[in-house]
Amino acid sequence: MDKFYDHQNYEKGIYKLWEKSGAFSPKKPTTHNQQPFTIIMPPPNANENLHIGHARFITVEDILTRYHRMKGNPTLWLPGADHAGIETQYVFEKKLKEKGKSRSDYDRDTLYKMIWEYVLENEKNMESQLRALGASCDWTRNKFTLDPKIVKIVYKTFKKLYDDGLVYRGERIVNYCPKCGTSFSQLEVNYLEREDNFYYLDYGTVIIATTRPETIFADTAVAVNPKDARYKNLIGKKAVLPIVGRELTIIADALVDPEFGTGALKITPGHDPTDFEIGEKHKLAKISVIDEKGEMINTPPKYIGILSEVAREEITKDLEQEKKVKKIEKIHHTVGVCYKHKTPIEPLLSKQWFIKIKPLTKLALTAINDKRVKIVTKKYEKVARNWLKNLKDWNISRQIVWGIRIPAWRCNKCFEWTITEGKQPDSCKNCGCQKLTQDPDTFDTWFSSGQWPFATLLTGSETSLKNSTPAAKGLKLAIDVPATEDFEYFYPTSVLETAYDILVFWVLRMIMLGLYATGEVPFKEILLHGLVRDQYGEKISKSKGNVIDPLIMSQKYGADAVRMSLIWGTLVENDIALSEDNIKGQRNFANKVWNVARFILQNKLEVPNVKSQPFNEDDKWIIKELKTLIKKVTRSLDKYRLNEAAEDIYNFIWNKFANNYLEKTKSRRNETQKTLEYVLRESLKLLHPFMPFVTEAIWQKDLAKDRNDLLINSSWPK
RNA sequence: GGUCGGUUAGCUCAGUUGGUUAGAGCGUACGGCUUACAUCCGUAAGGUCGGGGGUUCAAAUCCCUCACCGACCACCA
């Protein structure tokens, strides 16, 4: 054995060895009480390299997977990739911009094809990166969110939701990003604190305070609080729009805060969600004055085509000229911005597909209450409950090309919609007309990834687990898809492991859609992990320049070192501060393990009669310590306390085994070979889920019985 | 404004049913090339566990309160 463990010489070869041997595919159980252990991998976005956050979840999930595989559970870790709708289109458009192009330079099909090729290339790249990190996922079951079979299931779910009355097309205020050119759900809107002008405008009978004077053209009423004594006698009277001169009725609504501004609110149902609500109640007209490019429409000609923010200044000037601006104050408030561009979201009126969320949140809440799905960390359960109580109807249409096209066709004659399971309908279901046009919109990515656990399993696999007791026995699928063996055997899956920042986007949607489509929770436990931060606990970002690339680190120090550093010292659920020093330290540990093995195996003595080796207090001590360690590590892993398990193994191998026992017994080296080898073997097994490469490398050197004896397939110590 | 979380060694963090001298990694100081490893070995310094109050034989751990930090949410036009 070499003096140092050089990971570069081993990692690739070992990964191939595992993959070729079929070790990643679940084995049929040999006894009845071996329950399947399943994790569906959160499919990374196939649009960029893996970052350090991916590396963390890959490490956590791989540790759990390898542990359960060694314990004898038929274990499946199913990999995949996400087309990641808007995220990918955003990344792709940035690339286009570098070439001086934009999305509008291409027609729909061309753009789609270009993105498709880009994604395909990235997907391959991403898969090789997963391999480099040692992910022992079952590549024979690899899935992509745009696989035709997956898309088919997504369509079936949509159709079913529609037939059940849970999908509707509504004209609502949507969160529209003019830069992205699409609407978003409430979750994609971020809020920025800003200082803005607060204009007090003269509406004749009342003064109105507003931050958005450019929307006055869309005003259809003025509202005051019914309890507001100042305005009581004005209710039902008229106010006059400045510049426009149009009369508005003054109405009363409890939503108006009398403390704010002047207590009188201009009602703009076409560009404000609250106003929309008030407008619906009072049956007010809805006027749009800003279009999807963020430009003014339906205004006096001089403003038309101007960006709303620019128009604001122009209009203010004109209002000032007519002495309609009574006062300008500064106001500190929050503004909704696009989560990608950080530019203001335009709330505007649009017709989109919505999912009625209440019946679905009810399913999810019940499942959480009944503990059919358990959130491992309590603090996140509180967050989940809070969200489930407050979610609004879900806008699932996106006005982008990259994604799954919505299977809805509109009749050219009667304008009614016909929804199918993906196929173009022959005729309008309403009037029979044969001329129909498909909705150009695509689904919100989260609508398809929300179906990921059952969609991946329902699309089947090459390998079969026939004659195994199904886990999902007796499940009645709501959607019309035949159950596959994989689905019956592995669904509901064991653990869903992902970052806490997509709890609402993804996890809750999976619970809701999973329960809806299959009648059963998609997973029994939810393990949420924290974010990776830099060595000072600061958020990692490109602009800060503190990015840690997991693959560069792996090349430098080995995948084992990177993995270990990603769980070291911090609970899975908490944010972790990662430093290169820590990775280096773990590289040193890998080398330590290597040298312990080297010492034991290189000096392998010819011991004529193993049985007659003397056994003294030191030997008994290390065996006892090992037994204690096995119990502790097993318990820690079962509770997802990975840092504790890792630290205990580290401490055992380095301090107890190497520095203590090994040093102490060097003088009677010819008596300890059997004990040394035994402790080494068991230690390697315990460490294997954490540092799979170095442990397997050592195993293959001198411990494996034959070519087929892989550490990855060994049994977990008892 | 609301909800949740945090405050433990210089730094980053463990400490889960309250119980012996509060731990780890890194860093620091000092000493060692001891034929497995200098990616190493040995020794050491360093904490009134954010402040205050309470419960208890016993509190970093439970309760109350204050301060500060952070995350998430929210229709303040």
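Side chains are part of it too, since the values below use all heavy atoms of this structure and drop only hydrogens, waters and symmetry mates. Each chain gets a letter, A, B and so on, in the order the sequences are listed, and its residues count up from 1.
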In Watson-Crick or G-U wobble terms, both distances under 3.5 Å, what is the partner of B/rA71? B/rU3
Which is more 5' along RNA chain B, the nucleotide nearest A/Val596 or the one nearest A/Gly537? Just name the residue. A/Gly537
Sugar-phosphate or base contact per nucleotide [nucleotides 68-77 of chain B; S, B, -; heavy atom under 4.0 Å]: -----SBBBB
Please state the P separation for the pair B/rA9 and B/rG50 - nearest whole angstrom. 8 Å
Rounded to whole angstrom, note down the C1' distance from B/rA67 over to B/rA14. 25 Å
For B/rA74 and B/rC11, measure between their C1' atoms and round to the nearest Å. 37 Å
Do A/Ser541 and A/Lys539 pair up side chain to side chain, a donor and an acceptor below 3.5 Å, judged on atom types alone? no
Paired nucleotide for B/rA59 [Watson-Crick or G-U wobble; both distances under 3.5 Å]: none
Rounding to a whole Å, what distance do you find between A/Glu644:CD and B/rG15:C1'? 8 Å
Ring-face cation of A/Arg587 near A/Phe4 (centre distance under 6.0 Å, axis angle within 45°): no
Side-chain N or O of A/Lys382 versus OP1/OP2 of B/rG5: is the shortest distance under 4.0 Å? yes
Whole angstrom value for the distance that separates C1' of B/rC40 from NZ of A/Lys592: 6 Å
Side chains of A/Asp444 and A/Trp394: any donor to acceptor distance under 3.5 Å? yes
Taking the six-membered ring of A/Phe657 as reference, does the cationic atom of A/Lys592 (NZ for Lys, CZ for Arg) lie under 6.0 Å from its centre and within 45° of its axis? no
Using atom CD1 of A/Ile576 as one end and atom C1' of B/rG25 as the other, report the distance to the nearest whole Å. 11 Å
N/O donor-acceptor pair under 3.5 Å between A/Asp393 side chain and A/Phe354 backbone: no
P atom, B/rU39 versus B/rC26: distance in rounded Å? 14 Å
What's the CZ-C1' distance between A/Arg385 and B/rG2, to the nearest Å? 19 Å
Just by distance, no angles: are the side chains of A/Glu625 and A/Thr628 close enough, under 3.5 Å, to form a donor-acceptor pair? no
How about A/Tyr10 and A/Glu696: does a side-chain donor come under 3.5 Å of a side-chain acceptor? no
Quick one: which of B/rG5, B/rA24, B/rA14 gets closest to the side chain of A/Trp568? B/rA24
Pick the C1' atom in B/rU61 and in B/rU56, then give their distance to the nearest Å. 13 Å
Side chain of A/Asn595 only, heavy atoms from C-beta on: which candidate in B/rC37, B/rC26, B/rU12 is closest? B/rC37
Given the P atoms of B/rA24 and B/rG46, what is the spacing between them in whole Å? 15 Å
Please list, in numerical order, the residues of residues 683-699 of chain A that have a heavy atom closer than 4.0 Å to any atom of RNA chain B. none
Measuring to OP1 and OP2 of B/rC41, would you say a side-chain N or O of A/Asn659 lies under 4.0 angstrom away? yes
The Watson-Crick or G-U wobble partner of B/rC40, with both key distances under 3.5 Å, is B/rG32
Grab the CD1-C1' distance between A/Ile375 and B/rC4 for me, whole Å please. 13 Å
Roughly how far apart, to the nearest Å, are B/rC75 and B/rG2 at atom P? 16 Å
Should B/rG25 form a Watson-Crick or G-U wobble pair with both distances under 3.5 Å, which nucleotide is its partner? B/rC11
For A/Glu663 and B/rG42, what is the distance between atoms CD and P respectively, to the nearest whole Å? 7 Å
Ring pair (Phe, Tyr, Trp, His ring centres under 6.0 Å) with A/Tyr339: of A/Tyr191, A/Phe505, A/Phe184, only one passes, and it is A/Phe184
If the plane angle is over 60° it's perpendicular, under 30° parallel, otherwise tilted; pick one for A/Trp654 and A/Tyr650. tilted
Looking only at the side chains, is there a donor atom on one of A/Asn225 and A/Tyr231 sitting less than 3.5 Å from an acceptor on the other? no
With a non-hydrogen cut-off below 4.0 angstrom, is A/Asp575 in contact with a base, only sugar-phosphate, or nothing? nothing
Can you classify the ring geometry of A/Tyr380 versus A/Tyr500 as parallel (below 30°), tilted (30 to 60°) or perpendicular (above 60°)? parallel
Distance between P atoms of B/rC63 and B/rG19 (Å, rounded): 15 Å
Distance test, side-chain N/O of A/Asn588 to OP1/OP2 of B/rC40, below 4.0 Å: yes
Distance-only polar pair, side chains of A/His271 and A/Glu346, donor-acceptor under 3.5 Å: no
Would you please confirm or rule out a distance under 4.0 Å between OP1 or OP2 of B/rC41 and any side-chain N or O of A/Trp654? yes
Mapping A/Asn574 and A/Asn660 to their closest nucleotides on RNA chain B, which lands nearer the 5' end? A/Asn574
Check for me: is A/Phe4 stacked on B/rU39 by the 5.5 Å centroid and 30° plane-angle rule? yes
For A/Glu647, report the nucleic acid contact type (base, sugar-phosphate, nothing); a contact means any heavy atom under 4.0 Å. nothing
Opposite nucleotide pairing with B/rU20, Watson-Crick or G-U, both atom distances under 3.5 Å: none
Can you measure A/Arg598 atom CZ to B/rU35 atom P for me and round it to whole angstrom units? 12 Å
Rounded to whole angstrom units, what separation is found between the CG atom of A/Leu571 and the C1' atom of B/rG15? 10 Å
